[in-house]
Amino acid sequence: MALSSNTSTVRLTSTGPATHIRVTINGTAVEADVEPRTLLVHFLREQLGLTGTHIGCDTTSCGACTVHLDGKAVRSCTVLAIQTDGRAVRTVEGLEEGGKLSPVQAGFTEQHGLQCGFCTPGMMMTATAFLQKNPNPTEAEIRDAIRGNLCRCTGYLNIVKAIQSAAEKMRAPGGSP
Amino acid sequence: MSVSPPHVDGGMGQRVQRKEDARFIRGKGTYIDDVKLPGMLYLDIVRSPYAHAKITAIHTDKALKVPGVLAVITGKDLDAHKLAWMPTLMSDRQMVLPVDTVMYQAQEVAAVLAETRYAAADGVAAVEVDYEPLPVVVDPFKALEPGAPVLRPDRKEQSNHIWHWETGDKAGTDALLRSSAVVVAQDLYIPRIHVSSIETCGCIANWDGVNGKLTVWMTTQAPHAIRTVYALVLAGAGIPVPEANIRIISPDIGGGFGGKVPVYPGYVIATAASVLTNHPVKWIEDRSENIQADSFARDYHIHAEVGATKDGKVTALRVKTLADHGYTDAAANPSKFPAGLFHIITGSYPFAKAFVEVDAAYTNKPPGGIAYRCSFRVTEAAFTIERMIDRLATQLHIDPAEFRLKNFIPPEAFPYQSALGWTYDSGNYGGALRKAMELIDYPALRAEQAEKRKQGELMGIGISSFTEIVGAGPAHTFDILGIKMFDSAEVRVHPTGAVLARFGTKSQGQGHETTYAQILAEELGIPVGQIKVEEGDTDTAPYGLGTYASRSTPTAGAAAAMAARRIREKAQKIAAHLLEVSPADVEWKDYAFRVKGVPSKSKTMAEVAFAAYTNPPPNSEAGLEATYYYDPPNMTYPFGSYICVVDLDKETGQVHIRRFVAVDDCGTVINPMIVEGQVHGGLTMGLAPALLEEIQYDAQGNIRGGSFLDYLLPTAVETPHWETARTVTPSPHHPLGAKGIGESATVGAPAAIANAVVDALAPYGVTHIDIPIHPWKVWAAIHAGKAAKGG
Amino acid sequence: MIPPAFEYHAPGTVAETIGLLSQYNGEAKILAGGHSLLPLMKLRLAEPRALIDIQRIPNLAYVKEEGEFLKVGPVTRVNDLLGSPATAAYPILRDAAREIADPVVRNLGTVGGNLCHGDPGNDLPACWIALGGEMTVTGAKGSRTVPAASFYQDTFVTAVGPSEMLTEARVPKARPGQGSSYFKIEKRVGDFAIAGVATSLVLDGKGRIASAGLGLTGVGPTALAAGDAAQSLVGQSPDAAHVSHAAKLAAEAAKPSSDLRGPAEYKRAVVEALARRGIERAVARARGGK
């Protein structure tokens, strides 16, 4: 094993010149220095410690890293942290409000819409954004909406039921996503 | 006055919401990559672009100049510590890092250690390796031809043949097939696939040089077995660490399916790096590495023959198989049989004679051999027999449902000794098939199909009536490094009646924290909310062999029940003391200890628990806890019948699954919600290899389909709306009658889908189509059929 | 997987962007949605020295009918193309947009990226070819117009030079009697196409085909025009015989190669089937159907 000599400090996230960004994360203003190439998912997980957002692939194929950027569902593995400067990001950690599960979270646990839980945050973020646009979806529309979020455990049926159940909760008086 | 039935909150049979969900739906699970230790370094791996090549030089200078890169580790570095190779469970050996030769594309070549994940990746990109390409062997049949390059010159046997295994009555089978009125033969290829749990594999190794303690966080399905392997490998490398100073922590796991059973080279390299640097070292593989280099599943080339009498009764079965194991036999196979449980291949049928032989070959492909959500080699077996049963039925012009009902091993024949030596515990195969036929209205479907055929439309109905074999396993048939395949439960009842229970298994999404708690709730009469289940930390959990092969409920579930019953034995004495009667006058009834004949005089388990610590009977030991190591007397044999309806697009070859009815029988059900969820997931992992998944290699051994761009997992769109139901035939030898359900559907579903597609194509004379059934294969089959019929 | 380091610029104008592209002399890449580029960079198949993020340039995201055209800004997100009221008369674009990747990717993936990436599996190029669309390409010397039919030069090679960018994509404004469609099949949703066929045609007052365009996805080094197929329809009534004939010609225009998605002859057969279905659907829509 050859040891190199140029290793004096441990940099936690950055190996190159950094840029200062200001982002609203789950409603809280955050400032940080990021390297241009820092992926949003690494910024969230490594710099901010928000590890609920997961990485499942390298190719923008699995949806495990889905978060909201200005209210739209996006893949945080395919967005640069620097691109979120001045914008708002919501992660799974921001779904619960006032200690109350969101309808989507409640739907997932009530309908057994998760097993290992790894795809679940991304799945719930996709579902949440989808239900805001389409509060009364058909099963086919739900399946299409989550087609970019892969789940290896559940066979999707209970995820569909979870989203249907969340939609019902949201349509009920006083419901909100 | 109405009497409500005796009830304990969260007891067996209730749809209890899962305890583990609370953290997962809030993003508060702790998966391997979520663990961060002070001073942690990152490891990333340089991989081979060649399938077979000599490494002539590894240039590390550029990599070492990358800011943040600390070291580049090569096979020669590891060889100096006798760590360049590691043993496999199949008495073969596997490279950790190659000293001079790479054996498959994407094999580990060197490792870069850096201060950050990003620097490690840059270091990997900067390592330059010189290779001298060697002849590549991709096809296992060619590997066995005379003159083929010998891939493993390190072995005494200078050939690519690894082993031959056979079982059954060869002469008797040959004779019976010769005298059978009808014999069908078929080549089937069960392709190489990959489990692709959405979380990839990874570890953090943390060597504490001061205390001589090694802690490894690892996404492993079998933490204790890993601990023992670590102790043995380290001792072999001249680093003797007492097993008590090795701690394996398996955190929340993002799906396993067998892929998180093996020890991967990355784990060993990270551990070596931690020992050498005294820093925690994290290695997390990316998706391409996961698919391209982690253990594969299946890759069986099968030739099957089955016979029947003129009036349609099965006679004998003969199967010859070539297994492609890649460059080393690193199968995660805990059985005494090199081909795992492949000889469950007689399935649900009373073959009088059977003979199976398997040969294994080396090729320039990644090693492994894991099960892909089944017991090792069981899906290969179930697919083959259920395809062959359809072939026979077609040949005999008997409806495939009728043919099965006519042939099934009858319920009264259990326990049933199969022609290849397994003793099936219980079954009612006809019951499951009839229920599935009723649910889907089989006669109506056949009528619709006849009508559609007149219009030239292609509709198919496929059946699969599989028998599974799970719950490894009895000491006489299974072990890992000699360790018997028991599993364990340690149950402590605290003074307030709350329970802490620890197990040697490890959930990867199956919901153990809930299921085991329900078993204990049922057995102890304590509400499920008062019971906490822990797994995965070898410093605290009792020794166990882990979770795979649907073994958790058959083994650790049984251990939970048995430990609880031990607790009840002691508790009964305490209850008698409290009730001031003799223990013989107390019985456990309706979730409480009651005085016989005076059921109103009773003590709950919580009352007894409090007394166990505050007021134990004179001359007795305080406390209320028990441990049980359960060695199952037999395997369990879940079964089911699936019916699939497909519509094919004649022009494009697309397969649309219109309906899929699954009737499963896993014996006693502990949580019906979880059981249904397991079936849904299993069905989807049955659909996957049937229609989508395959890892192919070109003639140079280049992988085709090494990322999620080409290796296509089913999405919610292809996946049908599963329709499930069950029959209940308890296992007679399991304390709860439970059999295990995690994998049945993966085993049973592929044949139902393939049989449906072949049935749809019957008008073209098609009798078989290899999986995965991609649209072009359907189209090609139609065109070959048209050509054969003269257009 | 980690992309290699790069310099990042987020210019505020097209002129600034062109200046930066010239400055990097072919070593910079434009970042729009990033959903093709960033995965390639993570796999280290692309290592640009700089990324020029055009998403903060105002007025590059729009879908509007203006003059003789439907005009689409390059930074228009695919989901905004799909959801825009302006595309109601262009069902081909909505068909295609629905087929692109998945709904989450489409939130960031852009029309410009889909048109300029140059992957033969992209869906919008065949649509632009079928519709007879054109692109505005802007460089240091100003802007030029390139017809979609000559925009695609080879796999990953388009008419956009190293120091140029796409600044607008247009298709002729929908006419009365126009119908269009996009059909594609995949092994699994979200996979690259086995084959796709884009169709646009206009029926005259007598129900005959006055003009037609066909584009093919995934069956050649670039998106292809099936010109003979389209031409064969012009002046004809859209009866089964003419439609079948055109579909056969479309299959002949395909230049598929054999790969994991199937042998070439299969893909050709798929093109024929999809072309027939596509023309029939376009005709039905031209007659007012869905």
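In what follows, every heavy atom counts, from backbone to side chain, and hydrogens, waters and symmetry copies are set aside. None of the values given here were measured: they were computed from a predicted structure.
When each of C:Arg277, C:Lys42, C:Arg276 is checked for heavy-atom pairs under 4.5 Å with chain B, C:Arg277 comes out on top. Ranked by non-hydrogen atom pairs under 4.5 Å with chain C, the options B:Ala121, B:Ala780, B:Pro772 are led by B:Ala121.
Here the shortest heavy-atom pairing between B:Leu692 and C:Lys187 reads CD2-O, 3.4 Å. Between C:Val270 and B:Thr652, the closest heavy-atom pair is CG2-CA, 4.3 Å.
Close approach to chain B, defined as a heavy atom under 4.5 Å from one of its heavy atoms, is seen in C:Asp259, C:Leu260, C:Arg261, C:Gly262, C:Pro263, C:Glu265, C:Tyr266 of residues 252-267 of chain C, taken by number. By a heavy-atom distance cut of under 4.5 Å, B:Arg704, B:Gly705, B:Leu709, B:Asp710 are the residues of residues 702-711 of chain B near chain C, going up by number.
Contacts between B:Gln696 and chain C at a heavy-atom distance below 4.5 Å involve the side chain alone, from C-beta outward. Proximity to chain B (any heavy atom under 4.5 Å) is shown, for C:Glu47, by neither the backbone nor the side chain.
The side chain to side chain contact (heavy atoms under 4.5 Å, CB included) check on C:Ser36 picks up C:His117, with sequence neighbours excluded.
With rounding to the nearest 0.5 Å, the separation of CH2 in B:Trp779 from CD1 in C:Ile194 is 12.0 Å. The line from CG of C:Asp191 to OG1 of B:Thr715 is 11.0 Å long, rounded to the nearest 0.5 Å. Between B:Glu718 atom CD and C:Glu186 atom CD the span is 8.5 Å, to the nearest 0.5 Å.
In this structure a side-chain-to-backbone donor-acceptor pair under 3.5 Å is missing from C:Arg188 to B:Pro714.
Counting heavy atoms of neighbouring residues, nucleotides and ligands inside a 6.0 Å radius, atom CG of B:Asp698 exceeds 12 of them. Counting heavy atoms of neighbouring residues, nucleotides and ligands inside a 6.0 Å radius, atom CD of C:Glu7 exceeds 12 of them.
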ask   = Is there a side-chain contact (heavy atoms from CB on, under 4.5 Å) between C:Met1 and B:Asp44 once you walk through the steps?
value = CA-CA 10 Å; C:Met1 282 220 154; B:Asp44 203 345; over 6 Å; no
Which side-chain N or O atoms in residues 123-131 of chain C pair as donor and acceptor under 3.5 Å with protein atoms at least two apart or in another chain?
{"unit_1": "C:Asp123", "atom_1": "OD1", "unit_2": "C:Tyr182", "atom_2": "OH", "d": "2.6"}
{"unit_1": "C:Asp123", "atom_1": "OD1", "unit_2": "C:Lys184", "atom_2": "NZ", "d": "3.1"}
{"unit_1": "C:Asp123", "atom_1": "OD2", "unit_2": "C:Lys184", "atom_2": "NZ", "d": "3.0"}
{"unit_1": "C:Trp128", "atom_1": "NE1", "unit_2": "C:Arg170", "atom_2": "O", "d": "3.0"}

